[in-house]
Every structure is written in structure tokens, then in C-alpha cells.
Asker: 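One structure, pasted below without further comment.
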Number of protein chains: 2
Amino acid sequence: MAAWVRLLRGHAALRRLMSARLQADHGLTVSEYEALLLLDEADGARLRGVDLAAGLVLTPSGVTRLLDRLGKLGFVRRESCQGDARVSYAVLLDAGRQRLAQAACGHVAAIRAVFGERYTDTELGQLAELLGRLPGASTGASACAGDAG
Amino acid sequence: MAAWVRLLRGHAALRRLMSARLQADHGLTVSEYEALLLLDEADGARLRGVDLAAGLVLTPSGVTRLLDRLGKLGFVRRESCQGDARVSYAVLLDAGRQRLAQAACGHVAAIRAVFGERYTDTELGQLAELLGRLPGASTGASACAGDAG
DNA sequence: GCTATATTGTTGACGACTCAAGTATATCCA
DNA sequence: TGGATATACTTGAGTCGTCAACAATATAGC
């Protein structure tokens, strides 16, 4: 029970922290940043909506809305898929890649700071391993590969 | 980095799960449940708004809105504080306590199930301890004392 | 005592997400 | 081959929470 409550509180506090920084410095929400990151790591810098949904743990409509925003910002383009007319790819554009690059440095540093001052490297590994067993935490698009946030 | 991303994903997935159950079975959001729980554990079943904000990791306005909802449901009453006219207490009413009691059993069982099938008792203790070091995760109103969720 | 600052709470406007419902396409199988 | 089911996505309406601005009260310092 303690673990669940602390997961809730810790997530809320940390997300507020990261969100404020990211928004103030780069005009991005956490979800937008994460989406850009997943796209950047993806093969051909493109992902189906459904895969983004799984990777980000959002509903399909949440992804539609997120991509609308990133589209308006000029960070992402929609592209239809020949071979399956149902899917609409999200493709990372240069502007998106650039914004991601700008944001990544400070964002990653902030994350490292928060965790670094609370855990040893061993503990951080333990924590990551334990959290990785939660549903959604290990979904497809390996969100840790690039090690960028 | 992995820890942060997995915290995000794990939280999203777990919260969606718990939220769906709680909403379907008892018409409560996770925040509403947690608020009732904190009130129930509090001295005199009452808490200042600012303390709820700290305990739940919400903003003051978030708490105002949360208490508006709980008020309309008849679960909570507002009460002014003699001695400090700024504060407005939230007081748990019987209906609120009853709803909490109804919800607690299934909710706690669901949480135990999700965690129990993924971690040993030792690991669960580790996880809780590690998460407890995060900001917000250890705030005031000891959210683990009652061990109810 | 009285002003400057801090604390507590509320409100309006808005953002990000969800759900339910709907459209369009693909796949399965009798 | 063709009808039932599953998959991918979008849309309208609604919810939960935020921020910025504000009002009211309390506290501290001179």
C-alpha cells in the first residue's frame, strides 16, 4: 500500500517539477517531450498512432490530440500508410528534432539531479528494475534505449 | 533516466487501472478516495485545505475544486476555523466515511493484487522505501499509517 | 500601533486528457 | 465471396487539474 501511495505522490511532485521547467524553458509538456523522444528513437523517425499510444500509455484520442498540438507547432507531420489505409503515421520533422535536442540537455540534467541527490547508482538501478515490472512501464518502444529521458 | 520514464509509464498504467475500478464500483476518482482517506486518518477527521494540498500533492485551487465535488456528494463539509479566519477546514461526514469504507476493501485488494503478483514482500518494501525518498512522497499526513490505500 | 510581507483560500480561463460514439479499413472464416 | 469481427483513428462533450489574479486574514519588524 505504501508503495502505491508513494508512487502517486512522488509522480505528482516530480512531474510538476519537470513540467514547470520544460514548459518555461522550451514550451513543451512532458508528454510532448516524450512523444518527440519516442519518434526520434523510432525507425525512420515515424510511428503509428497506436504505437505511440502504447509507448506513452495514452488513449488513442489522447494521441490524436497530442499529435494535433505537435503538428501545429510544426514538429510532426501526419502521413498515411500505403498498405494499411487505417493508420496514420506521425513523422518527426527537423523542427521537432531540433526542439527535442534543445530541450534534452537541460531536461536530462534536471532528472539526473533529482534522482542523483536521492539515490546511489545501485539504488537507481534497483528502482528502475522494480518500476520496470509495472504494467505499461516496459512497453514496446524501449523508452530507455537512447538514454535521453 | 530509465527510472523516470518507468515511473511515468507505470504511474499512468496503474492509475488508469485503479481509476477505472474505483469509478465503476464506487463513483470515486483516485484523488477523491485519497482525500477521504487522509481525512479519515486525520485528527478529528478534519484537515485544512493547505494540508490536504501538501498531502495529496495538489495545488490550492485543485483542493478547492476537489472539496467542492466531495461537498456536493455530501461526503465532506467545510468549516471555518476560529482563531484563524483564513482557513477553512474540510470535515469528513458519515456519508463520506461510509463510502470510503465501501470502497476501501476492493480498492486495497486490487492494489495488493497488482503489486503482489509482481514483487516479493521484500521487494515491495524496497520499492516503497525508495519511492519514499522522492519529493512529495513522504509529506506530512503519513499516508501509510492506516495502511488502507 | 502600523505598515510590509506571508499565508490561506477562491475564482475565471484554459489545457490535457478521457469516454462514448462513430467512420473507415482490414482480417477471419464459413 | 461476403458478412462478422477486429483494428486504427477521429470527434464532441465532459472532467480534473493548472495558472494567474485576487481577496482576506495573519504575522513580523520598526
Asker: Assign a letter to each nucleotide of nucleotides 5-15 of chain C from its 5' end: B, base within under 4.0 Å of a protein heavy atom; S, sugar-phosphate only; -, no contact.
Answerer: --BSSBBBB--

Asker: How many angstroms lie between NE2 in A:His26 and OH in A:Tyr33, if you round to the nearest 0.5 Å?
Answerer: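 Those atoms lie 9.0 Å apart.
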
Asker: D:dC16 P sits how many Å from B:Leu73 CG, rounded?
Answerer: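 Taking atom P of D:dC16 as the reference, CG of B:Leu73 is at 10 Å.
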
Asker: Rounded off to whole Å, could you give me the CD-to-P distance for the B:Gln23 and C:dA20 pair?
Answerer: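 The distance from CD of B:Gln23 to P of C:dA20 comes to 10 Å, rounded to the nearest Å.
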
Asker: With heavy atoms under 4.0 Å as the rule, sort A:Ser19 into base, sugar-phosphate or nothing.
Answerer: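 Nothing: the residue A:Ser19, judged by heavy atoms under 4.0 Å, touches no strand.
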
Asker: Atom CZ of A:Arg16 to atom C1' of D:dC16: distance rounded to whole Å?
Answerer: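 In whole Å, D:dC16 C1' lies 13 Å from A:Arg16 CZ.
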
Asker: Roughly, in whole Å, what's the span from CG in B:Leu17 to C1' in C:dT18?
Answerer: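 Roughly 15 Å, once rounded to whole Å.
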
Asker: Between B:Trp4 and A:His107, how do the two ring planes meet: parallel, tilted or perpendicular, split at 30° and 60°?
Answerer: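 Taking A:His107 first and then B:Trp4, their aromatic rings stand perpendicular (interplane angle over 60°).
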
Asker: Return the CG to CZ distance between B:Asp68 and B:Arg78, rounded to the nearest 0.5 Å.
Answerer: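 Between B:Asp68 CG and B:Arg78 CZ, I get 7.0 Å after rounding to 0.5 Å.
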
Asker: Is a salt bridge present between A:Glu34 and B:Arg9, judged by a nitrogen-to-oxygen distance below 4.0 Å?
Answerer: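 B:Arg9 and A:Glu34: salt-bridged.
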
Asker: Starting at CG of A:Leu8 and ending at P of D:dC16, how long is that distance when rounded to a whole Å?
Answerer: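 My rounded result for the distance is 16 Å.
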
Asker: Nearest whole angstrom, please: distance from the P of D:dT15 to the CG of B:Leu58.
Answerer: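 To the nearest whole Å, that distance equals 18 Å.
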
Asker: Starting at atom CD of B:Gln82, determine the distance to atom P of D:dA26, rounded to an integer number of angstrom.
Answerer: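 B:Gln82 atom CD is separated from D:dA26 atom P by 12 Å.
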
Asker: Quick one: are B:Leu127 and A:Leu131 in side-chain contact, heavy atoms under 4.5 Å?
Answerer: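 Answer yes - side chains close enough.
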
Asker: Using a 4.5 Å cut-off on heavy atoms from C-beta on, say whether the side chain of A:Leu14 contacts that of B:Leu134.
Answerer: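 Contact flag for B:Leu134/A:Leu14 side chains = yes.
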
Asker: Tell me the interatomic distance from B:Glu32, atom CD, to D:dG17, atom C1', rounded to whole angstroms.
Answerer: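 Spelled out: CD on B:Glu32 to C1' on D:dG17 is 12 Å.
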
Asker: According to a strict under-4.0 Å criterion, is B:Thr59 in side-chain N/O contact with OP1 or OP2 of D:dC19?
Answerer: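 Indeed not, no polar side-chain atom of B:Thr59 lies that close.
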
